[in-house]
Amino acid sequence: MIRLMEDINLQNYTLILPSVAVGNVGQLSVDLLISNLNLQKIGQIFSPAFVPIVGANAYHEGSSELITAIDIYVGVKECVVVLQIRSPYVGELTGFFDHLVRFVIERKIAKVIILASSYDYEKRDIQPQHLKLRYVASSGIQSENGQLFDDLSWISHKPKVTSDTRQEGKLQIPGGGFAKSIFNFLSHADIPCAILFKFCSEGDNIADAVALVCYLNQWIRVLGTNSDNLKYPPSWKHLFGKPPPHNIY
Amino acid sequence: MVSHFGEVIFPSSRAFWDDEDEYESDENLEHYLKLNVCWLKKKPEHMQKFIIIEGEPLIPFVKQCLCHNAEEVCIIETEDHKKVSVIYHIDKQIYLCIVLPHFDTKNAGTLVNQISDLLSSTESTISIVCRHVSQFQSTNIPETPSFLRILATKNANVAKYKIEPLEQPNIVFGVGAGVLSYAEFKGISAKLYVLYIDNFVLDSKCAEPLLQILTNETDCKLQYPKFTENFFSKGNLYM
């Protein structure tokens, strides 16, 4: 179920959403986008397939606005709609994908970009170790932006070919959550879409998120010159635990 | 689990609830929980207040306070008839929903979805959940046995009782969180109280803020509870 609190014309906007994936890189990247572009919350999605969560506004201290498991943000100047997903999926996602596809079609959104991550140890190609960012694009995106991707020296993620060479390769993003499934779902509905992801290990994944946002920004150019100096949202302050209690000293 | 000697098992990621790290659409929906809502009395068409209690230490306490004359009106159970939640009729149009301790939080969204029609017909929803103080993230943690924080929808009146709002980056998950999320989604008035306690059991000191909420939120006469000895073992390090 999707609810928008205000009716905004989203025609030709770009929808960006994270896949809940290893190291939460997609979700951290979306947090960076929302706080750096100062996006406004315009709606919410309620889906029983995700664990419900609530909390105080993650981007503005002192605000009484709630955050929930899935919130929708918009940047009118940048023509982006951003979905933040804050909890893991625990159920069948077909209903959620269906609602999203209908939303994209009804609102005439131009394209969908999924931000994700994959296990570092799954990177088995022969590219140099520091090149850990990959993309997967639907035919519509590829035909429109393929030249740009080549100019940016982006590396496309190739479907894994099974031992039977006659069979077409199967797209796999291990640790990538629902990225591949939603990409296939959107592609079947003829919605131009792409996955941008980074190979990473779990730990402090802020650097991975910054790298992924800069990678995205090379394509959609929403952050301008700010991409080198990203501001972290205040809700990240205890990302890796709270400070030690005073009475232990 | 290692199934072959010498096999390298990579740990699953913190991002996922279960071990499944790449989602595949599942045609077989049978392993997903299905809940049945069974009304023992007539289902109310309208509720003035719906109170949801979640968290083990709260349940016996709230039951003693509010349920002395209340009758069970509804049971929410799994397909194999395992009770996961019980709804009591407290007084006039006030109902109390207790989420039983063995209910798996991962199914919270399913439970909220099942009671969504009840939530939609309620004037005001109040959820009360309990967390250990170690889960409270702040540089300024109150040094009291227990303290309250509140989250509420835009249309709820929270100024009256002067309870501090839950500060970021703290979040609440589970049925209480789902009820508040759903209320925010539908524009229903709802509040979520989080009781942080520095103990594993609810003693008379820890329960003070909770008694205050129940007194404020219900007009019913509360039965003052007896705190029974709890044999919960905190470990064997100290006798």
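Being a predicted model, the structure only gives us computed values, none of them experimental. In the text below, chain A, chain B and the rest are named by the order of the sequence lines, each starting its count at 1.
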Next item on the list: Quick one: closest heavy-atom pair of B:I76 and B:I87, and the distance?
Entry: CD1-CD1, 4.4 Å
Notebook entry, point to check: Any side-chain donor paired with an acceptor under 3.5 Å for A:D31 and A:Q84?
Noted result: yes
Check: If you tally heavy-atom pairs under 4.5 Å against chain B, which of A:Y89, A:F185, A:W236 wins?
Finding: A:Y89
Next item on the list: Using non-hydrogen atoms and a 4.5 Å limit, figure out which bit of B:K154 sits close to chain A: side chain, backbone, both or neither.
Entry: side chain
Margin query: For the residue pair A:E202 / B:S13, report whether a side-chain donor-acceptor contact shorter than 3.5 Å exists.
Written below: yes
Next item on the list: Using non-hydrogen atoms and a 4.5 Å limit, figure out which bit of B:L111 sits close to chain A: side chain, backbone, both or neither.
Entry: neither
Margin query: Shorter than 4.5 Å, heavy atoms on both sides: which option in A:P88, A:G43, A:S19, A:G175 has the most such pairs with chain B?
Written below: A:G175
Item checked: Side-chain donor-acceptor pair present, B:Q168, A:H60, cut-off under 3.5 Å -> no
Margin query: Under a 3.5 Å cutoff, is there a donor and acceptor pairing between the side chains of A:E92 and B:Y23?
Written below: yes
Next item on the list: Decide yes or no for B:F103 and B:S85: does some side-chain heavy atom of the first lie under 4.5 Å from some side-chain heavy atom of the second?
Entry: no
Check: Quick one: what part of B:N170 sits under 4.5 Å from any heavy atom of chain A, side chain, backbone, both or neither?
Finding: backbone
Notebook entry, point to check: With chain B, which of A:I45, A:N184, A:L66, A:I182 has the greatest number of heavy-atom pairs at distances under 4.5 Å?
Noted result: A:L66
Check: Can A:K237 and B:E167 be said to form a salt bridge (Lys or Arg N to Asp or Glu O under 4.0 Å), step by step?
Finding: CA-CA 12 Å; A:K237 64 187 166 194; B:E167 308 91 324; over 6 Å; no
Check: With a cut-off of 6.0 Å (strictly less than), are more than 12 heavy atoms of other residues, nucleotides or ligands near CD of B:Q114?
Finding: yes
Notebook entry, point to check: When heavy-atom pairs shorter than 4.5 Å are enumerated against chain B, which of A:V54, A:N24, A:I53 gives the highest number?
Noted result: A:V54
Note to self: If you count heavy-atom pairs within less than 4.5 Å of chain B, which of A:I67, A:L93, A:N57 leads?
What the structure shows: A:L93
Next item on the list: Using the six-membered ring wherever Trp is involved, compare the ring planes of A:F50 and A:F96 and label them parallel, tilted or perpendicular (cut-offs 30° and 60°).
Entry: perpendicular
Item checked: Residues of residues 187-194 of chain A within contact distance of chain B, non-hydrogen under 4.5 Å -> none
